[in-house]
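The figures here come from the full heavy-atom set of this structure, side chains too, leaving out hydrogens, waters and symmetry mates. All chains are named by letter (A, B, ...) in the order of the sequence lines, taking the proteins before the strands, and each is independently numbered beginning at 1.
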2 protein chains.
Amino acid sequence: MKIDPNSSANLSAQIAKAIRDSIVAGDLIINERLPSEAELADYFQVSRPTVREALKRLAAQSLIRTQRGATGGAFVNRLSFQEAYADHVTTSTLLLSMNEVSFDTACEARYALERSCAPLSAERRTADQLATMRTEIFRQSQPSLTDEAYCASDVAFHRALVDGAANPVLSYQLAGAIEAMQPLMNMITFTMRSREIMVCLHSSITDAIESGDGDAAVECLHNLEAETRKIAADAFAARSAARQRSATITKITG
Amino acid sequence: MKIDPNSSANLSAQIAKAIRDSIVAGDLIINERLPSEAELADYFQVSRPTVREALKRLAAQSLIRTQRGATGGAFVNRLSFQEAYADHVTTSTLLLSMNEVSFDTACEARYALERSCAPLSAERRTADQLATMRTEIFRQSQPSLTDEAYCASDVAFHRALVDGAANPVLSYQLAGAIEAMQPLMNMITFTMRSREIMVCLHSSITDAIESGDGDAAVECLHNLEAETRKIAADAFAARSAARQRSATITKITG
DNA sequence: AGACTTTTAAATGTCAGACAATAAAAATAT
DNA sequence: ATATTTTTATTGTCTGACATTTAAAAGTCT
C-alpha cells in the first residue's frame, strides 16, 4: 500500500484514498482482510482514531465491512449491484433536487434512457416481469389510489420494463434516472383523465413488449414522454395560476 | 433532527443515517451549518470521536464539507454533477470488475445508453463539442498511440458526443457506463486494422451529428457496437488460444 | 478616523491511553 | 469426545488533551 506525504491535507482522507486506490487497482482482493487498525496506525504513523475515520469513509461507500471479535477486522466488500442501487438512487435524487433540474430535463433523460432498454426487453422479458407490468397497470387503474401510491406503482412498472432487458448494468444505471424522478412526479396531482391516458399507454407498451415488438414499444414510450410532459406542464401552470390568484387576492384584501 | 434508539448497532452509522435523512428530507438546507461536533455529541449523547466518524461517513459521500476555524464547522454540500461524476465512475468500475460482468453485457449497456443520446446530440451539439470529437478522431488515427491512450481518446470522443445532448442528467448517468468500460477496453490489444475501422465509424458518427441526422448516428452506433464486440471477441479468442498453447507446451515439456 | 497589527475565541484535526463488547480459538472440565 | 470456561485479538467507544486554522474582536499606530 502507498504511503502518505506529510502534506497539508486531511490525514483520514489521504489514508482512505490510499486504501481505496489499492482496492480499485486490485491489490486488495475481495474478502481480503485489511491490517488491523493498530497496524494501519503504525504503518501510516497516525493515531488509531484517524485510521478509524478513514475506514468509516470507506465503509460509507460499502467498500469495506468490519467485524468485531478475535478474527475480526476490516474486509474488502464485494460491491453488489443491489447494494449500489440504493446509493445511486439517493445520490441521483439529491442531484436533481439540489441542482434545480427542471422537470423536462429529468423527464427527457429518463425516457431517452428507458427507450434504450425497450428493444432488449421486448426480446428477453420473462413472463414474470410481464405479469408485474400488468399487475401495476391494474393497480394504476384503481381510482382510490393516492397520487403517491400511483407514482410508486409507475416506478415499479418501469422498473420491471427495464429489468426485462436482463442487463444488470442497464438496470443499475436506469435506477438513478427513474427512481430519482419520483419526488418530481409526486409534486403533480394526477387527474382521473390523465391517469386513464397513462394507463392506456402503459398497456400499449406492455402489449408491444409481450409481442416482441421493440420498435412499437419505443414509439409508445415517445408518446408516454410527451403525455407526461404535458400533464406536468398543465399541473405547474395550474399551480402557478393559483399562486397568482392568491397573490392578487392578498393584494386586494390585505 | 431525529434521535437515536440505543439499540445494538454502530452508533456512528446510526448518527450518519439520521443526519443524511435530514438532508435528503430537506430539513437541512444547502450551505446550512450543522451544530458543532461538541453540540452533536451532546445531543446524541455520544463522544466526539463517534460524532466525527459519522461526519466522515457523510463527507465520503460529499454530503457535507468541513471547514476549520472560528466560523468553521460542517456544512451541507451542494452536490454538483461534477463531484458526483467521479464517485459514480469509481462505483461503476468496481461493480463491473467485482461482479465479473462480461464484456458483452457492459458493451451492450454502454451503446444502448449512448444511442439514446445521439438524437438529442444531433440537435443540440455545440461547435466546440463537434471540434472535440474531430480532434479525438485525429488523435486516434496516429499509429504511435498506445492502446491505453487510444482508449482514453475513445472515452473523450464518446463523452463529447453524450455532452452534446446538453442534458446533465444524461451525461451523469452515461458516465458510469462509458468510463467504467475503460478498464475492460484496456484489456484489448487494438490492431491497426481495427483502429482504422473504428476511426472510420467515429467519423461517420460525427458527420451524422454535424448534419443533425440523429437516425444515422444511431445506425452508426449500432455498427460501432457490433465492431467493438467483434474486436473484443477476437482479442479474447486469441488470448485464450495462446493460453491453450502454453498449457499444452507445459504439459509436454514440464 | 482609518488602516494595520495583534490577540482571542471557536471550531476542526489529531493524539494518547483506557475500557467495553464481541467472537473465535485455546484450554479445561465433565 | 463433548461441553464449558478462559484467553486473546480486534473493533467500538469514551475521556481528555493539545495542535491548527480561521475569522472576528481588540488594540495600536499614523
(request) Using a cut-off of strictly less than 4.0 Å between a heavy atom of the residue and any atom of DNA chain D, enumerate the qualifying residues of residues 58-69 of chain A by number. (result) T66(A), Q67(A), R68(A), G69(A)
(request) Could you tell me the separation between the CD atom of E53(A) and the P atom of dG12(D), rounded to a whole number of Å? (result) 13 Å
(message) The side chain of P49(A) is closest to which nucleotide in this list: dA11(C), dC15(C), dA9(C)?
(response) dC15(C)
(request) Let me know the distance between CG of L55(B) and C1' of dT12(C), rounded to the nearest Å. (result) 10 Å
(message) Check R110(B) with D104(B), please: is the shortest side-chain N to carboxylate O separation under 4.0 Å?
(response) no
(message) If you only use heavy atoms from C-beta on, which nucleotide in dG13(C), dT13(D), dA11(C) is closest to the side chain of R48(B)?
(response) dG13(C)
(request) Measure the distance from CG on L11(A) to P on dT21(D) and round it to the nearest whole Å. (result) 12 Å
(message) side-chain hydrogen bond (donor to acceptor under 3.5 Å, both in side chains), that's the test. Do Q61(A) and R57(B) meet it? Break it down for me.
(response) CA-CA 8 Å; Q61(A) 300 179 311; R57(B) 296 181 112 106; over 6 Å; no
(message) In this structure, how many angstroms lie between the P atom of dG16(D) and the CG atom of D42(B), rounded?
(response) 14 Å
(request) Check the distance between dT22(C)'s P and E37(A)'s CD and give it to me in whole angstrom. (result) 16 Å
(request) Look at atom CD of E148(B) and say whether more than 12 heavy atoms of other residues, nucleotides or ligands are closer to it than 6.0 Å. (result) no
(request) Round to a whole Å and report the spacing from CD1 of I15(B) to P of dT13(D). (result) 8 Å
(message) Under 4.0 Å from OP1 or OP2 of dG12(D): is there any side-chain N or O of R52(A) that close?
(response) yes
(request) In plain terms, say whether E179(B) and R159(B) are close enough for a salt bridge, that is, a side-chain N and a carboxylate O under 4.0 Å apart. (result) yes
Tell me which donor-acceptor pairs under 3.5 Å the side chains of residues 168-177 of chain B have, and how far apart each pair is, sequence neighbours excluded?
| from | atom 1 | to | atom 2 | distance (Å) |
| --- | --- | --- | --- | --- |
| S171(B) | OG | D163(B) | OD1 | 2.9 |
| Q173(B) | OE1 | H88(A) | NE2 | 3.0 |

(message) Run Y111(A) and T228(A) through side-chain hydrogen bond (donor to acceptor under 3.5 Å, both in side chains) and show every step you take.
(response) CA-CA 10 Å; Y111(A) 282 105; T228(A) 304; 3.3 Å; yes
(message) What is the separation between atom CG on N10(A) and atom P on dT20(D), rounded to the nearest whole Å?
(response) 15 Å
(message) Using the rule given for side-chain hydrogen bond (donor to acceptor under 3.5 Å, both in side chains), can you reason through S47(A) versus T50(A), listing the C-alpha separation, both sets of side-chain angles and the distance that settles it, and then say yes or no?
(response) CA-CA 5 Å; S47(A) 71; T50(A) 302; 3.2 Å; yes
(message) Please confirm whether the shortest side-chain N or O distance from T50(B) to OP1 or OP2 of dC14(D) is below 4.0 Å.
(response) yes
(request) Check whether any side-chain N or O of T71(B) sits under 4.0 Å from OP1 or OP2 of dA11(C), and answer yes or no. (result) no
